[in-house]
Amino acid sequence: MPTTARLIYVSTARPGLIFADIEAILDAARSRNAAEDITGLLLFDGSSFMQLLEGPEDAIERVFSSIAADDRHTGIMRIHSETGVEREFSDWAMGYSLLNDPRAPSGSKWFPLTNSLLVKHLPVRMTPWIRNLCLSFLSVARAAE
């Protein structure tokens, strides 16, 4: 059985990115991730992304290489990598949250990025530093508003 790896990165959205672009990213990620046995979370605050990927190490690196080549974002920075981990998001093909924005679509693919809703959607038994990192992304986005 392959070693389970975790990778977290941040990036900046290309100027002019619209919600339809984000939905396309999400749909592609869910499809690709299911095929690669990858789970995780994608956060978008209106200008920046943070994504956490979990799965087989070779698949994570392959997917990250593809993500890094995507011109819908820039400034891609890997902020954490580790192997031999238990999945935090084992039931999530790709969970997604975006900054609460009246222009954003609604439906099962989206939930607004607020402290209370993000906390509600994060797995209950989650490693504290990962939970804090997700919530810190939100805090930085709120401070920039």
Side-chain angles (χ1 to χ4, degrees), residues 2-83 85-124 126-127 130-145:
T3 301
T4 300
R6 177 177 300 122
L7 184 149
I8 303 170
Y9 75 89
V10 293
S11 65
T12 302
R14 178 194 75 221
L17 202 69
I18 60 173
F19 287 113
D21 296 324
I22 304 303
E23 189 164 1
I25 291 168
L26 184 58
D27 287 342
R30 285 181 171 154
S31 175
R32 178 191 61 217
N33 292 354
E36 295 276 9
D37 189 29
I38 292 175
T39 56
L41 170 69
L42 175 65
L43 300 174
F44 179 60
D45 70 1
S47 63
S48 298
F49 294 98
M50 184 177 88
Q51 187 167 22
L52 181 149
L53 300 167
E54 300 170 322
E57 186 174 10
D58 59 336
I60 292 290
E61 290 302 327
R62 192 169 40 254
V63 167
F64 182 66
S65 291
S66 172
I67 288 168
D70 190 323
D71 68 357
R72 292 175 288 196
H73 61 161
T74 62
I76 298 135
M77 182 183 303
R78 182 188 302 229
I79 60 172
H80 180 77
S81 294
E82 64 183 318
T83 59
V85 300
E86 288 188 39
R87 293 180 192 240
E88 299 285 347
F89 297 94
S90 59
D91 297 332
W92 297 28
M94 183 50 56
Y96 178 75
S97 181
L98 75 156
L99 187 66
N100 193 12
D101 187 317
R103 299 167 297 156
S106 60
S108 61
K109 292 182 186 178
W110 310 90
F111 65 88
L113 185 60
T114 62
N115 268 337
S116 60
L117 285 174
L118 184 58
V119 168
K120 177 182 172 187
H121 284 83
L122 291 174
V124 174
M126 198 172 172
T127 303
I130 295 175
R131 176 180 296 278
N132 290 340
L133 182 63
C134 292
L135 295 174
S136 294
F137 179 80
L138 173 62
S139 297
V140 169
R142 290 282 181 228
E145 288 181 342

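Keep in mind that the numbers below use all heavy atoms, side chains included, and drop hydrogens, waters and symmetry copies.
Taking each heavy atom of Ile76 and Ala68 in turn, the nearest pair found is CD1-O, 3.4 Å. For Ala13 against Phe44, the heavy-atom pair with the smallest separation is CB-CE1, 3.8 Å. Considering all non-hydrogen atoms of both residues, Tyr9 and Ser11 come closest at CE1-OG, 3.8 Å.
Looking only at distances, no side-chain donor or acceptor of Thr4 sits under 3.5 Å from a matching main-chain atom of Glu86. Distance alone, capped at 3.5 Å, is enough to place a donor-acceptor pair between the Arg87 side chain and the Glu54 backbone. A donor-acceptor pair is defined here as one N or O able to donate and one able to accept, closer than 3.5 Å; such a pair exists between the side chain of Asp21 and the backbone of Ile18. Judged by distance alone, the side chain of His73 and the main-chain N or O of Ile67 form a donor-acceptor pair under 3.5 Å.
To the nearest 0.5 Å, the span separating CD on Glu88 from CE on Met126 amounts to 5.5 Å. To the nearest 0.5 Å, the span separating CG on Asp70 from CZ on Arg14 amounts to 8.5 Å. A distance of 5.0 Å separates CG in Leu53 from CD1 in Ile60, rounded to the nearest 0.5 Å. Distance check, rounded to the nearest 0.5 Å: CG of Leu52 to OG1 of Thr39 gives 8.0 Å.
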Check your understanding: Could you walk me through whether Met50 and Ile8 pass the side-chain contact (heavy atoms from CB on, under 4.5 Å) check?
Key -> CA-CA 7 Å; Met50 184 177 88; Ile8 303 170; 4.1 Å; yes
**Study point:** Full working for side-chain contact (heavy atoms from CB on, under 4.5 Å) between Phe49 and Ile25
**Key:** CA-CA 11 Å; Phe49 294 98; Ile25 291 168; 4.2 Å; yes
Exercise for review: Begin with the C-alpha distance, continue with both residues' side-chain angles, and end with the deciding distance and a verdict on side-chain contact (heavy atoms from CB on, under 4.5 Å) for Leu43 and Cys134.
Suggested key: CA-CA 8 Å; Leu43 300 174; Cys134 292; 4.2 Å; yes
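Here Arg78 pairs with Leu7, Glu61, Phe64, Ser81 under the side chain to side chain contact (heavy atoms under 4.5 Å, CB included) rule; sequence neighbours left out.
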